[in-house]
Amino acid sequence: MTTPSKLALVPFVSVDNMMKLVNKIGPAQMIAEIADYIEADFKRWELFDKTPRVAAHSEEGVIELMPTSDGESYGFKYVNGHPANMARGFQTVTAFGVLARVDNGYPILLSEMTILTALRTAATSALVAKYLAPKGSKTMAMIGNGAQCEFQALAFKTIVGIDTVRLYDIDPDATAKAAKNLAATGLEVISCTSPEDAVAGAQIITTCTADKQCATILTDNMVGAGVHINAIGGDCPGKTELHRDILLRSDIFVEYPPQTRVEGEIQQLDDGHPVTELWRVMLGQAEGRRDDKQITLFDSVGFATEDFSALRYIHDQLAHHDTFVELDMLADPDDPRDLFGMVARAAS
């Protein structure tokens, strides 16, 4: 058996490795640190290659590739979204990602991204709320208590400073699961029996549902002046959560307009409807929250730079934490022209 050369080996962060890393660092600290990487990359937005994700849609769901590069590193994520999966014993969302060097094309990291996507989505949501939510916000309504719920609640506690989360899901078991998981976080957790009950007194409303359809999770009368809406469930054509009238009353903030206009809540609006790009707010080139009566809406669909930031963060952590294995992924013949010979010699 031949021993792989060093150039053949790529660090791989498995699900088990990722869980060990999260528990070593602590989920709250890890979310906050990923948010710092995401913010840093938003602030150098113009350096990145940007394209809407490449999506393969089916009746059951969607499979997507999300690529980007800052000129030095290249990253992509493979991710699916299949709303009916839970009833069949599968995860609704699974993902993995790759980070590579641009100068030679060699991958430098392969990682699970099911857990990492949950962390980076929560980090992005709370980072954006830092700029857009009412100052001193203490209460968040969380409508949709599935796999993302606890990450969102923890992110908003850590980065925004909320102390109360009001939970609602059409499935009471999901709410009970979330309440149990959040019991030791220091948050006051209130389980609600309707979305109207959940939004009562909340300065921040997060919607995170999974159905692949145009739904109305929030109606116009549920949204009062001054709130911040963190809409993260709608993320593909034909899948929305908010009544159109809410959009017309809100100042809308997006990651990458060409993608969000196809996939986000604003697919309900004309293509020319004004939106503000988040990177401009973070650089001080555009206004975020102006006053205490403004309704701000983060029409979140997830963009490739956020995954790039998360992969960059994980790669940096490997210098400090032994939470990876090395995979023999890259053929490395002694003579780069003699790939066939390398295969033939392995038979002897």
Side-chain angles (χ1 to χ4, degrees), residues 27-42 66 77 79 81 93 95 113 115-134 137-167 178 182 185 187 198-199 202-210 217-218 227-235 241-242 250-256 259-260 263-266 275-279 281-282 288-289 295-307 309-310 313:
Q29 181 178 334
M30 193 164 174
I31 288 169
E33 291 174 354
I34 291 172
D36 289 341
Y37 274 63
I38 293 169
E39 184 173 25
D41 286 340
F42 266 117
M66 301 173 66
K77 182 173 77 174
V79 62
V93 176
M113 289 196 75
I115 297 167
L116 186 56
T117 293
L119 293 163
R120 78 86 165 130
T121 302
T124 303
S125 292
L127 168 65
V128 171
K130 186 176 74 170
Y131 286 90
L132 299 182
S137 293
K138 294 299 181 184
T139 301
M140 180 171 76
M142 185 79 215
I143 302 177
N145 303 155
Q148 179 65 210
C149 172
E150 297 90 336
F151 295 95
Q152 290 282 324
L154 193 57
F156 275 80
K157 177 181 185 290
T158 304
I159 296 172
V160 181
I162 69 164
D163 58 23
T164 302
V165 60
R166 300 176 65 85
L167 304 175
L182 291 171
T185 62
L187 285 164
V199 303
Q203 296 90 36
I204 300 167
I205 302 172
T206 292
T207 58
C208 185
T209 59
I217 307 305
L218 285 185
V227 303
H228 172 63
I229 303 170
N230 176 42
I232 62 175
D235 58 3
E241 296 182 312
L242 309 185
S250 303
D251 289 318
I252 302 170
F253 298 82
V254 303
E255 294 138 316
Y256 183 57
Q259 180 173 301
T260 310
E263 299 180 353
E265 297 297 327
I266 58 173
V275 298
T276 302
E277 294 183 67
L278 289 164
W279 70 273
V281 176
M282 294 182 188
R289 174 162 290 275
I295 299 172
T296 54
L297 167 60
F298 175 29
D299 190 359
S300 170
V301 295
F303 190 63
T305 59
E306 297 154 18
D307 299 306
S309 304
Y313 171 80

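Counting only residues at least two apart or on different chains, the salt bridge (charged side-chain N to carboxylate O under 4.0 Å, His left out) pairs with a member in residues 145-164 are Glu150-Lys177. Evaluation of the salt bridge (charged side-chain N to carboxylate O under 4.0 Å, His left out) test over residues 119-133, restricted to residues two or more places apart or in two chains, returns Glu39-Lys130, Arg120-Glu306, Arg120-Asp307.
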side-chain contact (heavy atoms from CB on, under 4.5 Å) assessment of Ile162 paired with Leu187: CA-CA 8 Å; Ile162 69 164; Leu187 285 164; 4.0 Å; yes

Output, in order, the C-alpha distance, side-chain angles, deciding distance and verdict of side-chain contact (heavy atoms from CB on, under 4.5 Å) for Ile31 and Thr158. CA-CA 8 Å; Ile31 288 169; Thr158 304; 5.8 Å; no

Output, in order, the C-alpha distance, side-chain angles, deciding distance and verdict of side chain to side chain donor-acceptor pair (under 3.5 Å) for Glu33 and Gln29. CA-CA 6 Å; Glu33 291 174 354; Gln29 181 178 334; 2.7 Å; yes

Give the C-alpha distance, both sets of side-chain angles, the deciding distance and a yes or no for side-chain contact (heavy atoms from CB on, under 4.5 Å) between Cys149 and Leu167. CA-CA 9 Å; Cys149 172; Leu167 304 175; 3.8 Å; yes

I would like to know whether Val160 and Ile204 meet side-chain contact (heavy atoms from CB on, under 4.5 Å); could you show each step before the answer? CA-CA 10 Å; Val160 181; Ile204 300 167; 4.1 Å; yes

Could you go through the side chain to side chain donor-acceptor pair (under 3.5 Å) check for Asp41 and Thr305 one step at a time? CA-CA 7 Å; Asp41 286 340; Thr305 59; over 6 Å; no

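With hydrogens and angles ignored, the 3.5 Å screen pairs no side-chain donor or acceptor of Glu277 with any backbone N or O of Val254. Of the possible polar contacts, one joining the Thr296 side chain to the Leu132 backbone as a donor-acceptor pair under 3.5 Å is found. No donor-acceptor pair closer than 3.5 Å links the side chain of Ser137 to the backbone N or O of Ala133. In this structure, the side chain of Glu241 engages the main chain of Gly233 through a donor-acceptor pair within 3.5 Å. When atom types are taken as modelled, the side chain of Gln203 and the backbone of Val227 share no donor-acceptor pair closer than 3.5 angstrom. Under the 3.5 Å distance criterion, the side-chain polar atoms of Gln148 are left unmatched by any main-chain donor or acceptor of Thr209.
By the 4.5 Å heavy-atom criterion applied to side chains, Thr206 and Ser125 are not counted as neighbours. At a threshold of 4.5 Å between non-hydrogen side-chain atoms, the residues Val165 and Thr185 do not count as touching. Side-chain contact between Thr276 and Asp251 is absent, with no heavy-atom pair separated by less than 4.5 Å. Looking at Met282 and Tyr131, their side chains come closer than 4.5 Å, going by heavy atoms from C-beta outward. For the pair Cys208 and Ile143, the minimum side-chain heavy-atom distance is 4.5 Å or more. Side-chain contact check for Lys138 versus Thr164: every heavy-atom pair is 4.5 Å or farther apart. Contact annotation: the side chain of Phe42 approaches that of Glu255 to within less than 4.5 Å [non-hydrogen atoms, C-beta and beyond]. No side-chain heavy atom of Tyr256 sits less than 4.5 Å from a side-chain heavy atom of Val301.
Of all the heavy atoms in Ile295 and Ser250, the pair that sits closest is CG2-OG, 3.2 Å. Nearest heavy-atom pair across Leu154 and Ala28 is CD2-N, 3.8 Å. Shortest non-hydrogen contact noted between Lys77 and Thr117 is NZ-OG1, 3.0 Å. Here the closest non-hydrogen pair linking Ala122 and Phe151 is CB-O, 3.3 Å. Residues Ala202 and Ala141 approach most closely at CB-N, 3.7 Å, considering heavy atoms.
Checked against salt bridge (Lys or Arg N to Asp or Glu O under 4.0 Å), Arg166 has the following partners two or more places apart in sequence or in another chain: Asp197. For the side chain to side chain donor-acceptor pair (under 3.5 Å) test, no residue two or more places apart in sequence or in another chain qualifies with Thr121. Residues passing the side chain to side chain donor-acceptor pair (under 3.5 Å) test with Thr124: none are found, sequence neighbours excluded. The ring pair (Phe, Tyr, Trp, His ring centres under 6.0 Å) check on Phe253 picks up nothing, with sequence neighbours excluded.
Taken to the nearest 0.5 Å, the CG atom of Asn230 stands 9.0 Å off from the CG atom of Leu297. Rounded to the nearest 0.5 Å, atoms CG (Leu278) and OG1 (Thr260) are 8.5 Å apart. Annotation: the span from Tyr313 atom OH to Ile38 atom CD1 amounts to 11.0 Å, rounded to 0.5 Å. How far CD1 of Ile229 is from CD1 of Ile217: 13.0 Å, rounded to the nearest 0.5 Å.
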